[in-house]
Amino acid sequence: MDTEHSSSAPDIAPEMAAAADEHDEPLSWAWVGVGVLLGAVLIGLFVYLVDPTLENPVPSGAITVLSIILVGILVGYRSPGETIRETAIAGLILLALLAIVVAGILKIALPTLAWLMAPFLVAGVAMLGGWVGEMLQGSLAEAYEDRAVDWPWVFVSVVIGVTLSAYAVFLGRALFDLTTLQSLLVFAASFFVTGWLVGFFSPGMTMIEPAIAAGMLIIIDAGFIILWFDDLAASQTLLVGFGGGMVLALLGGWLGETHQRARDRKRAAR
């Protein structure tokens, strides 16, 4: 009996050691630093462009949250290994710097509840962005050929779509003074780009996922417009284009899949 146990132990030990190594990976402080630096640049630049007077906290707050998500996506995608924890730490450091600027330098008073909720919101959206970046990188992504819908990639599409569409509208109006029609066209184009990104980076066939996400995104944005801007007409216009947004995302997903297969064929030929 002792011989059997001693002979089987070496087979189990390496697996346990490998599992422990995966969970005990040290933090990459270099990527935390990259996230903080990149976030400071993006937040400072985009907030200045969108609301240079800092009189309206809604667009400034929205573009700040979007910038933190974008930082998480970029760090998660570019960094080796899994760096989701690093994005959360970078987000919290950015929040501390923002608190110094907003409360200490600009003397802008925000409700106490907002400051209490901010760490959870910032850490959450930073990690969400990091997760999306890891999915795009492929370190977390898996192909589910037997599923009708790969829901993780639906959520990836929603996060990318929200970020792209909001940046397109906010920055488009700030930089180019877009009309309502032009803003809607830019908003629609963001669905196509989202579909292409997901189709190109995701394993397996993921054309329907961006289309589902586009429908969800239109509903989310329509509710956001009503809640924050009290613009019922604009939200109704978005809902009218519900089907068109899904078609654009589906087309983008198809082209992304086409480019992905063309890239794979070139790699195989080499």
*Set of side-chain contact (heavy atoms from CB on, under 4.5 Å) partners for R78, sequence neighbours left out*: W31

*Does atom CZ of R261 have more than 12 heavy-atom neighbours, drawn from other residues, nucleotides or ligands, at distances under 6.0 Å?*
no

*Going from CG on L27 to CD1 on I89, what distance comes out if it is rounded to the nearest 0.5 angstrom?*
4.5 Å

*Can you name the residues that form a ring pair (Phe, Tyr, Trp, His ring centres under 6.0 Å) with W196, not counting sequence neighbours?*
F200, H259

_If hydrophobic clusters are built by linking Ile, Leu, Val, Met, Phe, Trp and Tyr wherever their side-chain heavy atoms come under 4.5 Å apart, do V34 and L45 end up in the same one?_
yes

*Carefully, step by step, assess F192 and L255 under the rule side-chain contact (heavy atoms from CB on, under 4.5 Å).*
CA-CA 9 Å; F192 175 84; L255 285 176; 3.4 Å; yes

*asked:* Considering only residues two or more places apart or on different chains, which pairs with a residue in residues 64-77 satisfy side-chain hydrogen bond (donor to acceptor under 3.5 Å, both in side chains)?
replied: S67-Y167

_L136 vs I160, side-chain contact (heavy atoms from CB on, under 4.5 Å): CA-CA, chis, key distance, verdict_ = CA-CA 11 Å; L136 294 175; I160 295 176; 4.2 Å; yes

*asked:* Is there a continuous path of hydrophobic side-chain contacts, each under 4.5 Å between heavy atoms, that joins V149 to V247?
replied: no

*Atom CG in D150, atom OG in S157: separation rounded to 0.5 Å?*
9.5 Å

*For L140, does its backbone N or O pair with a side-chain atom of E134 as donor and acceptor, under 3.5 Å?*
no

*asked:* Minimum heavy-atom separation for E257 and S202, please, with both atom names.
replied: OE2-OG, 4.0 Å

*asked:* If you define the side chain from C-beta out and look only at heavy atoms, does anything of P152 sit under 4.5 Å from W131?
replied: yes

*Find out whether W153 and P203 are in side-chain contact, i.e. whether some heavy atom of one side chain is under 4.5 Å from a heavy atom of the other.*
yes

_Assigning hydrophobic clusters by single linkage (Ile, Leu, Val, Met, Phe, Trp, Tyr; side-chain heavy-atom cutoff under 4.5 Å), is L175 placed with V186?_
yes

*Are V36 and I100 linked, directly or through other ILVMFWY residues, by side chains that come within less than 4.5 angstrom of each other?*
no

*Flag the pair V50 / S60 as yes when at least one side-chain heavy-atom distance between them is below 4.5 Å, and no otherwise.*
no

_Considering all heavy atoms, the nearest V71-G35 contact_ = CG1-O, 3.5 Å

_Between I68 and I43, is there a side-chain heavy-atom distance shorter than 4.5 Å?_
yes

*If every non-hydrogen atom of A214 is compared with every non-hydrogen atom of G245, which pair is closest and at what distance?*
CB-O, 3.6 Å

*Would you check if I69 and V132 make a side-chain contact, meaning some heavy-atom pair closer than 4.5 Å?*
no

*asked:* How close do Q260 and F201 get, counting heavy atoms only, and between which atoms?
replied: NE2-C, 4.1 Å

*Looking at residues at least two apart in the chain, or sitting in another chain, which of them share a side-chain contact (heavy atoms from CB on, under 4.5 Å) with T112?*
L116

_I'd like to check V154 versus M216 (side-chain heavy atoms, cut-off strictly below 4.5 Å). Are they in contact?_
yes

_Between T83 and V32, is the side-chain contact (heavy atoms from CB on, under 4.5 Å) condition met? List the steps._
CA-CA 9 Å; T83 50; V32 172; over 6 Å; no

*So do the side chains of L171 and F176 get within less than 4.5 Å of each other, counting heavy atoms only?*
no

*asked:* Within the structure provided, determine whether V158 and T194 are in side-chain contact (heavy-atom separation under 4.5 Å).
replied: no

*asked:* Under the rule for side-chain contact (heavy atoms from CB on, under 4.5 Å), what residues qualify as partners of L74, not counting sequence neighbours?
replied: L38, L70

*What do the steps show when you test L66 against V125 for side-chain contact (heavy atoms from CB on, under 4.5 Å), and what is the final call?*
CA-CA 8 Å; L66 290 171; V125 298; over 6 Å; no

_Going by side-chain contact (heavy atoms from CB on, under 4.5 Å), name the residues that satisfy it together with L37, two or more places apart in sequence or in a different chain._
none

_Q137-S79 side chain donor-acceptor pair, cut-off 3.5 Å_ = no

_Test your reading of the model: is there a side-chain donor-acceptor pair from T87 to the backbone of A126, 3.5 Å cut-off?_
yes

*asked:* If you compare all heavy atoms of L250 against all heavy atoms of M207, which two are closest, and at what distance to 0.1 Å?
replied: CD1-O, 3.4 Å

*asked:* Looking at every heavy atom in both L94 and A40, which two are closest together, and how far apart are they?
replied: CD2-N, 3.5 Å

*In Å and rounded to the nearest 0.5 Å, what is the CD1 to OG1 distance from I63 to T163?*
9.5 Å

_Path from M117 to L92 over hydrophobic side-chain contacts below 4.5 Å_ = no

